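Okay, structure first, notes after.
Quick caveat: nothing in here was measured; it's all calculated off a predicted structure.
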Amino acid sequence: MQPVISVRNVVKTFKEGGKALLVLDGITFDIGEEFVAILGPSGCGKTTLLRIIAGLEKADSGEIVFTHKDAQIGFVFQSPTLLPWMTVLENVALPLRVRGTSWREAEEKARKYLSLVGLQSFENFYPRELSGGMKQRVNIARALAIEPLILLMDEPFSQLDPLTAESLRSEVLDMWQWGVTSVRTIVMVTHNVDEAIFMADRLVIFTARPAKVAAIIPVEIPRPRDRRSPEFQKIEDKVYEYISA
């Protein structure tokens, strides 16, 4: 498999008040055109690595290598980071406008991706008028509107009720598998083992802080996946063995 992203010996230390806390300790793995979920104990640096991949933070050492040098990267944050004074349409169009896209083209793309997440009739609503699930759909539409090759997601379903989260998981998978967006690679940070196995092609398991890669587990179960199947349960048991070690 040809790598899309290569994470090479990434080290990250946070310093505060004269103290140094090593968070990532030589993280190395490759990501291809696939769905990868990063799992590990709370506070082990999963989100920190995702932010380094996105260019939002810098590693102390090591590197992130992209096969496609000019690849666009979309980022779905854990909480919807919508501007309250803008409508849904304006929020989705915003990153396009920042890049210099004309309002007409930005509006067309924003409408396209709002339609994909089922919010085409809510374009003139404001964030305060939306439910939590609808806000996160807007968040996803905004990340997709820049037409990224790589989509990074930081616990995107963790603040939703179970039914809404399950619906959104399936919709994100469908959009990716059907190729209706530009996304070819998804990297998701999650603390939810069930969610990771349900969605991902491979699981990257981190140790407790300072994080190292404990294991990389392929999920070779045909989709749609049955959580009650012996194959699903076997992988779940294996993941918990590494996380609790």
Q: Mind checking the NZ-CZ spacing from K46 to F206? Nearest 0.5 Å is all I need.
A: 8.5 Å
(Q) Checking E155 against T190 for the side-chain hydrogen bond (donor to acceptor under 3.5 Å, both in side chains) test, could you report, in this order, the C-alpha distance in whole Å, the side-chain angles of both residues, the deciding distance, and whether it holds? (A) CA-CA 5 Å; E155 300 195 22; T190 180; 6.0 Å; no
Q. At what distance, to the nearest 0.5 angstrom, does CG of D201 lie from CD1 of I31?
A. 12.0 Å
Q | Contact summary for A59 and V10, nearest pair of heavy atoms | A | CB-CG1, 3.8 Å
**Q.** Separation of I221 CD1 from F198 CZ (nearest 0.5 Å)
**A.** 11.0 Å
Q.
Holding to ring pair (Phe, Tyr, Trp, His ring centres under 6.0 Å), I want the full list of residues that pass it with F125, two or more places apart in sequence or in another chain.
A. F122
**Q.** G32 backbone acceptor or donor facing E34 side chain under 3.5 Å
**A.** yes
Q) Considering only heavy atoms from C-beta outward, does the side chain of I216 approach that of R202 to under 4.5 Å? A) yes
Q: Indicate yes or no for a side-chain donor-acceptor contact from S182 to the backbone of P148 under 3.5 Å, with no hydrogens or angles considered.
A: yes
(Q) Minimum heavy-atom separation for I146 and P95, please, with both atom names. (A) CG2-CB, 3.8 Å
Q | Distance in Å, F77 CZ paired with Q136 CD, rounded so as to fall on 0.5 Å steps | A | 11.0 Å
Q. Can you list the steps and then say if I197 with F232 is a side chain to side chain contact (heavy atoms under 4.5 Å, CB included)?
A. CA-CA 7 Å; I197 300 170; F232 197 103; 3.4 Å; yes
Q: For residues I27 and L49, determine if any side-chain heavy atom of one lies less than 4.5 Å from a side-chain heavy atom of the other.
A: yes
Q.
Main chain of L22, side chain of T13: is a donor-acceptor contact present, judged purely on distance under 3.5 Å?
A. no
(Q) Within the supplied structure, the quantity of interest is the number of heavy atoms (other residues, nucleotides, ligands) at a distance under 6.0 Å from R227 CZ; does it exceed 12? (A) yes
**Q.** Hydrophobic cluster membership, V36 vs V219, 4.5 Å side-chain cutoff
**A.** no
Q) Are L116 and V172 joined in one hydrophobic group, where the rule is that I, L, V, M, F, W and Y side chains link up if heavy atoms are under 4.5 Å apart? A) yes
Q: I would like to know whether E171 and R137 meet salt bridge (charged side-chain N to carboxylate O under 4.0 Å, His left out); could you show each step before the answer?
A: CA-CA 10 Å; E171 289 178 34; R137 287 174 190 272; 2.5 Å; yes
Q) What do you reckon, is CZ of R225 surrounded by more than 12 foreign heavy atoms closer than 6.0 Å? A) yes
Q | In one Ile/Leu/Val/Met/Phe/Trp/Tyr side-chain cluster, 4.5 Å: V189, L160 | A | no
Q. Is there a side chain to side chain contact (heavy atoms under 4.5 Å, CB included) between L152 and V76 once you walk through the steps?
A. CA-CA 6 Å; L152 308 178; V76 178; over 6 Å; no
Q: Starting at CZ of F75, measure out to CG of D154 and round the result to the nearest 0.5 Å.
A: 5.0 Å
Q | Minimal non-hydrogen separation, C44 against T207, with atom names | A | CB-O, 3.4 Å
Q) How many angstroms lie between atom CG of L151 and atom CZ of F35, to the nearest 0.5 angstrom? A) 8.0 Å
Q: Classify the side-chain pair S158/Q78 by whether it contains a donor and acceptor separated by less than 3.5 Å.
A: yes
Q.
Contact between W176 and T181 at the side-chain level, heavy atoms closer than 4.5 Å - yes or no?
A. no
Q) So E166 and S170, side-chain hydrogen bond (donor to acceptor under 3.5 Å, both in side chains) or not? Walk me through it. A) CA-CA 6 Å; E166 189 66 7; S170 295; 4.9 Å; no
Q | Minimum heavy-atom distance P210-D25, with the two atoms named | A | CB-CB, 4.0 Å
Q. Just by distance, do the side chain of R51 and the backbone of E57 share a donor-acceptor pair under 3.5 Å?
A. no
Q: Using modelled atom types only, decide if a donor and an acceptor are shared between the side chain of T185 and the backbone of I150 within a distance under 3.5 Å.
A: no
Q.
Any carboxylate oxygen within less than 4.0 angstrom of a Lys/Arg side-chain nitrogen, looking at E108 and K112?
A. no
**Q.** T28 side-chain N/O to R8 backbone N/O, donor-acceptor pair under 3.5 Å
**A.** no
Q: Starting from the C-alpha separation in whole Å, work towards a yes-or-no answer on side chain to side chain contact (heavy atoms under 4.5 Å, CB included) for L149 and V183.
A: CA-CA 4 Å; L149 177 72; V183 176; over 6 Å; no
Q. If you measure only the distance, is there a donor-acceptor pair under 3.5 Å linking the side chains of S229 and Q233?
A. no
Q: Give a yes or no on whether the backbone of M199 and the side-chain of R223 come within a donor-acceptor separation of less than 3.5 Å.
A: yes
Q: Let me see the working for I38 and M188 under side chain to side chain contact (heavy atoms under 4.5 Å, CB included), right down to the final yes or no.
A: CA-CA 6 Å; I38 301 174; M188 179 179 71; over 6 Å; no
**Q.** Note: R169-D194 ion pair, threshold 4.0 Å (strictly below)
**A.** no
Q | Non-hydrogen atoms of T101 and A106 that approach each other most closely | A | CG2-N, 3.7 Å
Q. Less than 4.5 Å apart, any side-chain heavy atom of V7 and any of D30?
A. no
Q. Do I52 and I64 have side-chain heavy atoms sitting under 4.5 Å apart?
A. yes
(Q) For T164 versus G133, what's the shortest heavy-atom pair and its separation? (A) CG2-CA, 3.7 Å
Q. Is a side-chain donor-acceptor pair under 3.5 Å present for R142 with T81?
A. yes
Q: Test N124 against T87 for side-chain hydrogen bond (donor to acceptor under 3.5 Å, both in side chains), laying out the working first.
A: CA-CA 5 Å; N124 294 319; T87 65; 5.1 Å; no
Q. Between K12 and F14, is NZ or CZ placed under 6.0 angstrom from the six-membered ring centre and within 45° of the ring axis?
A. yes
Q) Can you find a heavy atom in the side chain of S79 that is under 4.5 Å from one in the side chain of Q159? A) yes
**Q.** Qualifying residues under side-chain contact (heavy atoms from CB on, under 4.5 Å), relative to W178, sequence neighbours excluded
**A.** D174, V180
Q) Any chain of hydrophobic side-chain contacts (each under 4.5 Å) joining Y126 to M86? A) no
(Q) Is any side-chain heavy atom of E129 closer than 4.5 Å to one of V88? (A) no
Q | Shared hydrophobic cluster, I217 / V213 (ILVMFWY, side-chain heavy atoms < 4.5 Å) | A | no
Q | Student check: side-chain heavy atoms of E90 and W103 closer than 4.5 Å | A | yes
Q) Is the backbone N or O of L83 less than 3.5 Å from a side-chain atom of N91, with the two atoms forming a donor-acceptor pair by type? A) yes
